[in-house]
J.: 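This is the structure, below, for whatever I ask next.
Numbers here are sequence positions counted from 1.
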Amino acid sequence: MSSPDPTVRAARNAAAPTEKADDPAGGAAGRPPRRPVIAVTGAASGVGALLTRALVDSDEVKEVVAIDERRGDTAEAHWHVLDVRDPAIADKLRGADVVVHLALDLDLETDAAARTAYNVRGTQTVLTAAAAAGVHRVVLCTSAMVYGALPDNDVPLAEDAELRATADATGVGDLLEIEHLAHRAPRAHPGLNVTVLRPAVLVGGTDTALTRYFESPRLLVVAGSRPAWQFCHVEDLVSALEHAALEKVEGDLAVGCDGWLEQEEVEELTGIRRMELPSSVALGAAARLHRIGLTPSPAGDLAYTMYPWVVSGSRLHDAGWRPRWTNEEVLAELLEEVAGRHTVAGRRLGRKDATAAGAAGATVALLGTAALVRRARKARRRI
């Protein structure tokens, strides 16, 4: 793909606001809208792969540039194989109108320091490279978790609600830093528009602390808490990302099913009984298990099962977008996905462990944390 002459690009960028004003789809009045070239990072797997396929199939897109550390299955895209932290990515983005950055590592098993180095540095490099390449819009994806799970949250939260999360939950510190980069980028790179999508609990081929919550033999409920559950199917997230990439909506956008489910509704729909514990017991056990390396989830993940953090999604709705999935449908899909998996306190168990956990009950498994801690300490002393 050849790069346009810088003079032509400057003229085109200068004209873009006028075109936008004439026609919301991006073309001047009386002419069909210009089809954009869209680049996708993290295009070989997960949400990135689904979005790449959707964009390739769209009549509204001229060309898709796919970037990842390996080549994906969508042969119609123009592929570049490289790490998003490589400054050479700027050359690969020349000629693109929009970049959708989805190369993030939120794997529960990844070393936290390595994960942060990849996520933050990768986003920083993509934003800088996009500006250098003349890209006028970057679309990022974080999570509605950045709003924080707090007992005094509005239900639902508006998109412009304050981000009150802390870095105590898995990956949330990375996502908050990405949010900061997104808000600083237009000041550092005038003319660069940054749109951020924040999905609710993501379901559809995902493995997170929140999807593992439904792999437990009992649903842990912290006494005195009032959780509310809102899901987002990956198909709806892909649809919303496509909406943003085609510049049909902009700003900070929350994505999720309409409405939410109360804990009692979740228990009725899943048929899984609750295990209610005092907060001191639940949080203390989670912290100890994580500290000695027996579970991947820090205690901060529990807050998202205790307090509401559901979002309204009004900006996408105002732009004409609607989710295709309901909370009930996504929860049913999640139950199908996790069938046969067994998790206690965020730790996925093997078949033998799962049988024991089922026989003894999740309460015994969680309250047996002290024994696990003592065993781990003895093992360390023997080394």
Side-chain angles (χ1 to χ4, degrees), residues 1-29 31-43 47-48 50-68 74 76-80 82 84 87-103 122-123 125-141 181-182 185-186 188-197 238-253 316 319 321:
M1 179 175 59
S2 60
S3 300
D5 181 90
T7 304
V8 174
R9 175 172 290 284
R12 187 186 71 183
N13 288 345
T18 302
E19 292 180 358
K20 189 82 169 181
D22 289 337
D23 188 298
R31 295 206 306 267
R34 184 179 58 80
R35 296 187 302 154
V37 175
I38 301 176
V40 180
T41 69
V47 175
L50 295 174
L51 178 63
T52 300
R53 169 47 61 188
L55 293 174
V56 161
D57 292 341
S58 172
D59 293 334
E60 298 180 73
V61 179
K62 179 180 180 181
E63 183 180 359
V64 179
V65 178
I67 298 173
D68 209 320
T74 305
E76 301 93 327
H78 188 81
W79 284 91
H80 296 292
L82 81 165
V84 291
I89 194 173
D91 292 333
K92 314 305 180 186
L93 296 179
R94 296 194 188 281
D97 300 292
V98 179
V99 176
V100 184
H101 177 50
L102 298 173
T123 302
T125 302
V126 167
L127 287 168
T128 302
V135 174
H136 68 261
R137 170 176 290 218
V138 175
V139 179
L140 303 176
C141 185
L181 291 171
H189 309 290
L192 182 66
N193 175 295
V194 181
T195 295
V196 181
L197 273 69
V238 168
S239 170
L241 287 166
E242 186 176 1
H243 221 67
L246 291 170
E247 304 187 67
K248 297 177 181 179
V249 66
E250 62 181 21
D252 298 332
L253 310 168
L316 275 165
W321 179 90

J.: Kindly give the heavy-atom pair with the smallest separation between V126 and L93, and that separation in Å.
T.: O-CD1, 4.4 Å
J.: Please identify which of these residues, L51, V40, V56, D57, meets the side chain to side chain contact (heavy atoms under 4.5 Å, CB included) condition with T74.
T.: V56
J.: Below 4.0 angstrom, N of the basic side chain to O of the carboxylate: do D97 and R34 qualify?
T.: yes
J.: Can you see which heavy atom on D68 is nearest to which on A43, and at what distance?
T.: OD2-N, 3.2 Å
J.: Taking side chain as C-beta onward, heavy atoms only, is V98 less than 4.5 Å from L246?
T.: no
J.: Do you know which two heavy atoms are closest between A103 and G42, and how far apart they sit?
T.: CB-N, 3.7 Å
J.: Please round to the nearest 0.5 Å and tell me the distance separating atom NZ of K92 and atom CD1 of I67.
T.: 8.5 Å
J.: Do the charged groups of E63 and R35 touch, with an N to O distance under 4.0 Å?
T.: no
J.: Is there side-chain contact between T195 and E247, with at least one heavy-atom pair below 4.5 Å?
T.: no
J.: At what distance, to the nearest 0.5 angstrom, does CD1 of I38 lie from CZ of R137?
T.: 10.0 Å
J.: To the closest 0.5 Å, what do you measure between CG (L55) and CD (E60)?
T.: 10.0 Å
J.: Mind checking the CG-CG spacing from L181 to L140? Nearest 0.5 Å is all I need.
T.: 8.5 Å
J.: Do side-chain atoms of T52 reach the backbone of G48 as a donor and acceptor pair under 3.5 angstrom?
T.: yes
J.: Taking all heavy atoms of A182 and all of L127, pick out the closest pair and write down the distance.
T.: N-CD1, 4.4 Å
J.: Between A319 and K248, which heavy-atom pair has the shortest distance, and what is it?
T.: CB-O, 3.7 Å
J.: For residues V61 and P36, report the shortest heavy-atom separation together with the two atoms involved.
T.: CG1-O, 3.6 Å
